[in-house]
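All values below come from the heavy atoms of this structure, side chains included, with hydrogens, waters and symmetry mates left out. In what follows, every chain begins at residue 1, and chains take the letters A, B, ... in the order their sequences are listed.
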Amino acid sequence: MYGRRASQLLKDFSANEPGQISAFDTENFDQVIKECDAHHLELQALMRKIQEEGLDIQTTRNADHYGAVIHHLALIRNKRCLMAYVYNRAEIIQSLRWKVGPVLPQEVQEKVSYSEEEYFKNHSAALESYMSEAELDLTVDMVPPKDPYIKVRVLDDIGDVFLSDQSPNLARHSIHFLRRTDAEQFISQGLMEELPS
Amino acid sequence: MARYFDIDDIIMEDELISVVYQVGANGVGLLDPGAERNCVEQGAKVELPFWLAHELHMRQAVVVSAPPCFNQKTRKEIQADAAFVDLRSRCPYFYEFGCKVAPLIGDRTIGSFLLYAFTGRYKEVLSKAHSSAFITTSKYLTLLTKEETQLYEAARSSMTAFKKWRVGGPRFERASILRKRKPTD
């Protein structure tokens, strides 16, 4: 059946939990593009046939015309599926910039295609240039703050870091009282956890 | 066009619907498994996905017949006990599909039937989502259509968020995209 493989691509995608991403399905993606090419060829062949019979291509409504219409519609459908696949993945990749910071974690990097990685980098660069112009870090305080400081436990050896108001040694299992804005990135990357204060 | 990228909308349009060709079509033998040549004959009865049937219907190339999930049997079952009819196995996008199909087959009763089914089932979905534990509802969840499942999830997550807000506790979380960290000691 026409368009079957293309919609399978989307079914696989939507089987993921919301916000999760699986490896880019290059094989099926390319197959669908090949299907599109095949439809295109059939479409052209049918249109040529109509013209060879000396009929007006605008007004003819014979079996060839409807065959061509079906191939045309199948092509459009495949295109829609491919576009939706790429678009929805790009949405997730874009949202990662706000969740995990300017560098893609290793486990995500394995799953994205080259152009998706480029997209992430460019989105990140655009955001950064805007933020430096506005002199405001938009990616912090994603949860409305109750207190400027929070208590955190370090989950991994981070070492000495310079933060906005102190330079603590973030050894594993140590507990610190940090500015929320400093701690936020570490928490979303899974290097710290927030403790109830 | 607003829903061009909507994955649910795309998958829903893949639902099969049976049509009768009013015209022949060449070069598309794949659509009719019984065809002898590489074409579909006039008068052939074929199952087509909705996206194709819809467009062909607009060109008056096919006549669409009502899909089985809106037949009298289902209607009787909905009337008897709407909340516990297995709609998912009949059509995972029961409501959306119904809305799209209704104008094609010119059946004016479908709209009110959908509304009746939804109002009957809505209460049960919400009360299950708000009150019961997940284990006891897992069997019930297999009856729900995709739309109802989304409703159920929304109700559950708002309930969880409410409970979390009441108890307090940490509000920052690690990004859900990352794998659970294994203890490294």
Side-chain angles (χ1 to χ4, degrees), chain A residues 1-4 6-7 10-11 13-14 17 19-21 42-43 45-46 49 61-71 73-74 76-77 80-81 83-85 87-88 91-92 96 99-100 105 107-108 142-143 146 150 152 155-156 172 180 183-184 187-196, chain B residues 1 3-16 21-31 33 38-42 46-56 58-62 146 150 153 157 167-181 183-185:
Chain A
M1 181 56 74
Y2 300 138
R4 186 49 51 83
S7 62
L10 291 178
K11 278 179 193 160
F13 176 83
S14 71
E17 302 229 329
Q20 300 290 332
I21 202 165
E42 295 251 16
L43 176 68
L46 285 165
K49 198 174 154 208
R61 294 287 177 272
N62 60 6
D64 290 329
H65 168 79
Y66 286 107
V69 165
I70 290 172
H71 280 296
L73 291 172
I76 301 273
R77 165 79 180 178
R80 185 181 176 198
C81 292
M83 295 284 272
Y85 186 68
Y87 178 86
N88 283 286
E91 289 263 282
I92 295 178
L96 288 180
K99 287 181 195 154
V100 294
E107 57 223 68
V108 179
M142 297 305 263
V143 183
K146 278 185 181 160
I150 56 169
V152 294
L155 297 174
D156 208 341
R172 196 193 307 176
R180 278 173 63 96
E184 204 166 333
I187 295 174
S188 66
Q189 286 166 16
L191 301 172
M192 284 181 184
E193 63 179 350
E194 184 186 357
L195 296 176
Chain B
M1 219 45 184
R3 303 185 67 191
Y4 185 79
F5 295 113
D6 187 334
I7 289 187
D8 281 327
D9 196 53
I10 294 177
I11 296 178
M12 186 264 294
E13 292 197 346
D14 225 25
E15 285 293 321
L16 291 177
Y21 270 83
Q22 303 299 300
V23 293
N26 282 341
V28 288
L30 191 63
L31 293 179
N38 186 24
C39 65
V40 179
E41 308 270 346
Q42 183 175 354
V46 188
E47 295 241 299
L48 291 184
F50 176 81
W51 55 267
L52 191 52
H54 173 57
E55 292 285 337
L56 290 177
M58 291 208 303
R59 291 171 172 77
Q60 278 139 23
V62 297
K146 193 87 179 190
Q150 278 163 3
E153 293 296 336
S157 73
V167 176
R171 296 194 296 161
F172 280 125
E173 278 166 3
R174 81 195 336 275
S176 60
I177 193 87
L178 299 169
R179 267 183 241 129
K180 279 270 172 285
R181 183 171 291 262
T184 39
D185 301 79

### Message
Only pairs of heavy atoms separated by less than 4.5 Å count here; which of A:Ile76, A:Val152, A:Ile70 has the most with chain B?
### Response
A:Ile70
### Message
B:Asn26 vs A:Lys49, test: side chain to side chain contact (heavy atoms under 4.5 Å, CB included). Steps then yes/no.
### Response
CA-CA 11 Å; B:Asn26 282 341; A:Lys49 198 174 154 208; 3.7 Å; yes
### Message
side chain to side chain contact (heavy atoms under 4.5 Å, CB included) for B:Val23 and A:Arg61? Distances and angles first, verdict last.
### Response
CA-CA 9 Å; B:Val23 293; A:Arg61 294 287 177 272; over 6 Å; no
### Task
Please state whether the side chain, the backbone, both or neither of B:Gln42 comes within less than 4.5 Å of a heavy atom of chain A.
neither
### Task
Measure A:Asn88 against the heavy atoms of chain B and call it side chain, backbone, both or neither at under 4.5 Å.
side chain
### Contact class of A:Ala74 relative to chain B, heavy atoms under 4.5 angstrom
both
### Message
What verdict does the side chain to side chain contact (heavy atoms under 4.5 Å, CB included) test give for B:Ile10 and A:Arg77, after you've listed the backbone C-alpha separation in whole Å, the side-chain angles of each residue and the deciding distance to 0.1 Å?
### Response
CA-CA 9 Å; B:Ile10 294 177; A:Arg77 165 79 180 178; 3.6 Å; yes
### Task
Could you tell me which portion of A:Leu46 (side chain, backbone, both or neither) has an atom closer than 4.5 angstrom to a non-hydrogen atom of chain B?
side chain
### Summary
A:Tyr66 and B:Ala61 have their tightest heavy-atom pair at CE2-CB, 3.6 Å
### Query
Given a strict heavy-atom distance threshold of 4.5 Å, which part of A:Phe13 is in contact with chain B: side chain, backbone, both, or neither?
side chain
### Task
Please report the shortest heavy-atom distance between B:Ala25 and A:Gly67, naming the atom on each side.
CB-N, 3.8 Å
### Gap separating the CG atom of B:Leu52 from the OH atom of A:Tyr2, nearest 0.5 angstrom
9.0 Å
### Task
Go through A:Lys11 and B:Asp14 one step at a time and tell me if the side chain to side chain contact (heavy atoms under 4.5 Å, CB included) criterion holds.
CA-CA 11 Å; A:Lys11 278 179 193 160; B:Asp14 225 25; 3.9 Å; yes
### Separation of B:Ile11 CD1 from A:Cys81 SG (nearest 0.5 Å)
8.5 Å
### Summary
Between A:Arg80 and B:Asp6 the two heavy atoms that sit nearest each other are NH2-O, 4.4 Å
